[in-house]
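Structure, as C-alpha cells:
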Amino acid sequence: MAEEPPGSWFGFGFCGFGQAPGSGRRRQVHSPEPLQVGVDIRRVSASWSYTAFVTREGRLELSGSASGAAGGCRDAWASEGLLVVLRAGPGSGALLQAWAPGSALRGEPLWAQNVVLEAEGEDRPGGEAQAGRLPLLPCARAYVSPRPPFYRPLAPELRVRQLELGAEHALLLDAAGQVFSWGGGRHGQLGHGTLEAELEPRPVEALLGLAMAAVAAGGWHSVCVSETGDIYIWGWNESGQLALPTRSLAEDGETVAREATGLNADDSQVKRMAGAEDGAPTPFIAVQPFPALLDLPLGSDAIKASCGSRHTAVVTRTGDLYTWGWGKYGQLGHADSSSWDQPRRVEYFVDKQLQVKAITCGPWNTYVYAVEKGKS
C-alpha cells in the first residue's frame, strides 16, 4: 500500500472552552484553521467542551475544559460524561479505561477492562474507518456507552464493521453493508418509519439490498453512505441538518424557495406555510422517519460522512467537503455563522488546493484532515 503523503488537521466551529483551534479568547472559529496542538495527529474525538487528540506515537492530549496527557494510547473517545481510552497492552492485548473527563487522566479510572485486539491494517488519518475504532471495541463484539453499563455486548451474529452513537440512538454497520439502529426514536432518527424506541439492533428495512460503506450518527439524525457514493439521511431536521426545507431557516430568511412536490410521499412530518414563488405553500420537513436519498451538487459521489449535534459533513470521492445544517458557531466552515438546509461546499479547501481525506464532527464543531492535491 502506498504511503499516505503528510497532511494537516484543521478545525472550525465552537471553541468556547479553549479547545483547539481556539485560544480561549474566542468562542467560535468560522473558517478552517490548522491545528497547533501536537504534531502527527492520528485521530480526533470531540465532545462539546473538550477534544481528544491521539498522535501516531500514541500520545493522548486533551484540549478544552478537560486537560491532561498520557502515553501508550491507541485510541480515545470523548463525551461529556466519560473519556474512554484504549491503551496498549502486552502481546495482542489492550487495556480499555473509562475516565472522568475532569480527572486529567490522574489517579484511577472509573472502570477498566482488558480487551483482545484483532489484526489491524495500516491506520492512517485519511484511511478507511476500521472495526475497532471507539466506541466500538477492537473485538467488534461490544461497545462502550457514556452511561452505565459502560460495557455493552453485541450479538455475535451481527459481524460489526462500524458503530456510531448519537445523543439517544445508535447506528451499526455490519460486514455485509447492512444498517441497524436502536435506542430513542422520538425524532425519527432510527429510520423505521415511526417515532418509537427500539431496545435491540433492528435492520433499517428501507435500506435492505443496498450495500452501505459508512454510517454517521448526529444528535438526533442519521446518515449513511452507500458503496456507490449515494447519501441516505433521516431523523430530525430542525436546523436543516437533513438538507430538507426547515421552518426555522425560512423564518430567518436563510433558506432557498423549493418546489412543493413529492416531499411527503413517504409519510414525513410535513408542515406547510405560504411563501413559495408560485403561490403554492412551501413544505417544511420537521421529521423524516425514513431514509431519504440526498443528491450532492454536481452529482458528486460521497465516501465519508460525520454529524454534529445538528449539522452534517460529507467528503466526496474527489476530496471536496460539503456541510449543512446548524451553523451558529461557524461549524459549517463557510466563514460565517449562517445555517443552511442544502449542501454547500467548503471553499477554503478548494482555494488552498487541499484534498479532504477524513472528517470528524463534535457536537458544535468540525475537524478535517486534508493533503495537498496531486500528492494523494
Side-chain angles (χ1 to χ4, degrees), residues 2 4-13 31-32 34 43-44 124-130 133 161-162 164 171 173 177 179 207 210-218 221-234 240-244 256 291-308 310-327 330-335 338-362 365-376:
E4 181 74 29
S8 300
W9 281 92
F10 299 81
F12 44 99
S31 295
R43 284 180 177 163
V44 178
R124 302 166 297 160
E128 295 294 333
Q130 301 180 23
R133 181 164 184 164
R161 181 171 159 193
Q162 184 187 0
E164 299 290 330
L171 289 181
L173 178 67
V179 179
L207 300 176
L210 300 172
M212 296 298 152
V215 295
H221 71 291
S222 303
V223 178
C224 61
V225 178
S226 75
E227 294 282 0
T228 57
D230 292 326
I231 302 170
Y232 294 87
I233 192 164
W234 63 95
Q241 59 263 49
L242 303 188
L244 295 172
V256 176
L293 178 63
L294 172 64
D295 292 325
L296 290 178
L298 307 176
S300 301
D301 291 335
I303 57 171
K304 291 181 175 70
S306 186
C307 301
R310 287 183 283 156
H311 74 287
T312 306
V314 166
V315 179
T316 70
R317 206 175 301 279
T318 56
D320 287 330
L321 175 66
Y322 285 86
T323 61
W324 61 92
W326 191 48
Q331 60 263 49
L332 303 185
H334 301 310
S338 297
S339 298
W340 289 81
D341 61 3
Q342 54 188 320
R344 184 181 177 192
R345 189 171 66 176
V346 179
E347 297 299 331
Y348 174 92
F349 298 103
V350 178
D351 295 341
K352 298 292 185 181
Q353 292 291 300
L354 294 173
Q355 185 175 15
V356 175
K357 305 293 283 186
I359 179 78
T360 183
C361 295
N365 51 27
T366 305
Y367 293 90
V368 173
Y369 179 77
V371 302
E372 291 184 27
K373 286 187 176 179
K375 294 187 177 182
S376 58

Minimal non-hydrogen separation, [X] against [Y], with atom names:
{"X": "L294", "Y": "A243", "answer": "CD1-CB, 3.7 Å"}
{"X": "A305", "Y": "V223", "answer": "CB-CG1, 3.9 Å"}
{"X": "R161", "Y": "E227", "answer": "NH2-OE2, 3.5 Å"}
{"X": "K373", "Y": "L354", "answer": "CE-O, 3.5 Å"}
{"X": "L332", "Y": "S338", "answer": "CD1-O, 3.6 Å"}
{"X": "Q162", "Y": "A213", "answer": "OE1-O, 4.4 Å"}

Once you round to the nearest 0.5 Å, how far does [atom1] of [X] lie from [atom2] of [Y]?
{"X": "W324", "Y": "D341", "atom1": "CH2", "atom2": "CG", "answer": "11.5 Å"}
{"X": "L173", "Y": "L207", "atom1": "CG", "atom2": "CG", "answer": "10.5 Å"}
{"X": "C307", "Y": "E164", "atom1": "SG", "atom2": "CD", "answer": "9.0 Å"}
{"X": "D230", "Y": "D295", "atom1": "CG", "atom2": "CG", "answer": "7.5 Å"}
{"X": "W9", "Y": "R43", "atom1": "CH2", "atom2": "CZ", "answer": "10.0 Å"}
{"X": "L244", "Y": "H221", "atom1": "CG", "atom2": "NE2", "answer": "11.0 Å"}

Subject >> Check: T312 side chain, Q241 main-chain N or O, donor-acceptor pair, under 3.5 Å >> reply: yes
**OP:** Answer yes or no: is there a donor N or O on one side and an acceptor on the other, between the side chain of T316 and the main chain of A302, under 3.5 Å?
**Re:** no
**OP:** List for me each residue that meets side-chain contact (heavy atoms from CB on, under 4.5 Å) alongside S31, sequence neighbours excluded, and say none if there are none.
**Re:** A335
**OP:** List in chain and number order the residues that pass side-chain contact (heavy atoms from CB on, under 4.5 Å) with E347, two or more places apart in sequence or in another chain; answer none if no residue qualifies.
**Re:** R345, V350, D351
Original post:
Hey, mind stepping through I359 and S306 against side chain to side chain contact (heavy atoms under 4.5 Å, CB included) and telling me if it holds?
Top reply: CA-CA 6 Å; I359 179 78; S306 186; 4.1 Å; yes
Subject >> Test side chain to side chain contact (heavy atoms under 4.5 Å, CB included) applied to V314 and V225, step by step >> reply: CA-CA 9 Å; V314 166; V225 178; 5.5 Å; no
**OP:** Applying side chain to side chain contact (heavy atoms under 4.5 Å, CB included), run through T228 and D301 and close with a yes or a no.
**Re:** CA-CA 7 Å; T228 57; D301 291 335; over 6 Å; no
Original post:
Stepwise, does the side chain to side chain donor-acceptor pair (under 3.5 Å) test hold for H334 with T323?
Top reply: CA-CA 9 Å; H334 301 310; T323 61; 2.8 Å; yes
Original post:
Under the side chain to side chain contact (heavy atoms under 4.5 Å, CB included) criterion, do Y348 and L321 qualify, and how do the steps go?
Top reply: CA-CA 9 Å; Y348 174 92; L321 175 66; over 6 Å; no
State, with a plain yes or no, whether a side-chain heavy atom of [X] is found less than 4.5 Å away from one of [Y].
{"X": "P343", "Y": "L296", "answer": "yes"}
{"X": "V179", "Y": "Y232", "answer": "no"}
{"X": "C361", "Y": "Q331", "answer": "no"}
{"X": "F12", "Y": "V368", "answer": "yes"}

Original post:
So, for F10 and F349, is the gap between ring centers shorter than 6.0 Å?
Top reply: yes
